[in-house]
There are 2 protein chains.
Amino acid sequence: MNNKNKTFIDKLRSSGLRPTNQRVEISKFLFNRKKTFHFTVEELKNSMNLKRSKKISTATFYNTVHALKSAGHLKEFSLENNTSYYDTNITSHHHFFDNGKVIDIKSDKITFQKLPEAPKGKKIKNVEVVIRLENNN
Amino acid sequence: MNNKNKTFIDKLRSSGLRPTNQRVEISKFLFNRKKTFHFTVEELKNSMNLKRSKKISTATFYNTVHALKSAGHLKEFSLENNTSYYDTNITSHHHFFDNGKVIDIKSDKITFQKLPEAPKGKKIKNVEVVIRLENNN
DNA sequence: ACATACTTTAGAATAATTATAAAGTAGTTA
DNA sequence: TAACTACTTTATAATTATTCTAAAGTATGT
Ligand SMILES: [Mn+2]
Ligand SMILES: [Mn+2]
Ligand SMILES: [Zn+2]
Ligand SMILES: [Zn+2]
């Protein structure tokens, strides 16, 4: 096991999961990439299982994604279609939504001139912006 | 039929729907209020049917809400729980999300110092902010 | 090897939503 | 008004995303 595998395994261990084959493959698939990955569990399952003779079960995908999310290695978000999306970029950041396509906007690309106060008894956890796009013309 | 009913009926007609009893009641329930109403179809159905002897069917709730939404009388949005929410405030505006509770923030309460350009070939349709809240301490 | 704890998986169950098709209602025409 | 037509409501079935369950598999410690 090389050094790189270690980080995938660490994410599993810190999520309370033993690094089984299935889980390590899922973790690699999710985190072994340069760019942010936005996905649904179904998309993840289909794209990973397409290439495999021995399929990983739906339950394992859901369990693994949930554990990674609970441990803070994935963030959950929502489009307007009753499905959960997950984001490998766990920092607070913004998005372009372009007809179902999701693109990250780094946090420092948007700054505020004016923001409201939190209601009393509450404080602000984070502020995230969605910029919805449409085609020119 | 008084002047007020007319606006509920107009919303139905402009959504391509005949103003049947069921639809007029739904439209009144949605739009006959001072404050913005954020709801799921199930919530709408349960709160309206609770008071009624003759229940309105699930399909009628879904059909009516969808038609009102398509005509632009309702806006759809999503929390992180695979259910569609609807908003009687159809203007572009912002929200506080506070553990499942949704509160409107008027558009002019948030202004930007810096915003990214739209990718080429695209333009910005709208910019909406979610401020997530947590309890103090 | 045996015990124990954790894991994977197929399949059942649930929740939100959408589709279907029969029965009801309304508007129009003869 | 009777007949015709188009639209509507509803119960129910189907679908989709997700969660649950329980049996069979795997790993680890003694
Ligand atoms: Mn759904
Ligand atoms: Mn769901
Ligand atoms: Zn992102
Ligand atoms: Zn709102």
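Below, read A as the first sequence line, B as the second, and so on, with proteins coming before strands; counting in each chain starts at 1.
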Requested in this report: Would you kindly give the CD-to-P distance between A:E76 and D:dA17, to the nearest whole Å?
Outcome: 15 Å
Query raised in the report: With a 4.0 Å cut-off, would you call A:E80 and B:K69 a salt bridge?
Result: no
**Report entry** Between C1' of C:dA10 and OH of A:Y62, the distance in whole Å
**Finding:** 16 Å
Query raised in the report: Among residues 50-61 of chain A, which residues get a heavy atom nearer than 4.0 Å to DNA chain C?
Result: A:K54, A:K55, A:I56, A:S57, A:A59, A:T60
Query raised in the report: Is the distance from OP1 or OP2 of C:dT17 to the nearest side-chain N or O of B:H66 less than 4.0 Å?
Result: no
Report task. Starting from P on D:dA17, measure out to CD on B:E42 and report it in whole angstrom. Result -> 18 Å
Query raised in the report: What are the two closest heavy atoms between B:N82 and A:S84, and how far apart are they?
Result: ND2-OG, 4.4 Å
Query raised in the report: To the nearest Å, how far apart are A:N82 CG and D:dT16 P?
Result: 12 Å
Query raised in the report: Quick one: is B:Q22 getting a side-chain N or O under 4.0 Å of the C:dT25 phosphate, OP1 or OP2?
Result: no
Report summary line: Applying salt bridge (Lys or Arg N to Asp or Glu O under 4.0 Å) to B:E25 and not counting sequence neighbours gives B:R52
Requested in this report: Go through the structure and list residues passing salt bridge (Lys or Arg N to Asp or Glu O under 4.0 Å) with B:R18, not counting sequence neighbours.
Outcome: none
Query raised in the report: Do the side-chain N and O atoms of A:S92 and A:N126 include a donor-acceptor pair separated by under 3.5 angstrom?
Result: no
Query raised in the report: Has A:T20 got a side-chain N or O lying under 4.0 Å from the OP1 or OP2 atom of C:dT8?
Result: yes
Query raised in the report: Once you round it to whole Å, what is the distance between P of C:dT17 and CG of B:N81?
Result: 9 Å
Query raised in the report: Separation of B:L12 atom CG from D:dC7 atom C1', in whole Å?
Result: 14 Å
Query raised in the report: For the residue pair A:F39 and A:Y85, is the inter-centroid distance of their aromatic rings smaller than 6.0 Å?
Result: no
Query - D:dT18 phosphate, OP1 or OP2, under 4.0 Å from A:T83 side-chain N/O - result: no
Requested in this report: Specify the separation, in whole Å, of atom CG of A:L17 and atom C1' of C:dT7.
Outcome: 10 Å
Query raised in the report: Given atom CG of B:N63 and atom P of D:dC7, what is their separation to the nearest angstrom?
Result: 14 Å
**Report entry** For A:N135, all residues meeting side-chain hydrogen bond (donor to acceptor under 3.5 Å, both in side chains), sequence neighbours excluded
**Finding:** B:K122
Query raised in the report: Base, sugar-phosphate, or nothing: which does B:T40 touch, judged by heavy atoms less than 4.0 Å apart?
Result: nothing
Requested in this report: Please work out whether the ring planes of B:F77 and B:H95 are parallel, tilted or perpendicular, with thresholds of 30° and 60°.
Outcome: parallel
**Report entry** Under the salt bridge (Lys or Arg N to Asp or Glu O under 4.0 Å) test, residues paired with A:E43 that sit two or more places apart
**Finding:** none
Query raised in the report: What is the per-nucleotide protein-contact pattern of nucleotides 25-30 of chain D, from the 5' end, where B denotes a base atom under 4.0 Å from a protein heavy atom, S denotes such proximity for sugar-phosphate atoms only, and - denotes neither?
Result: ------
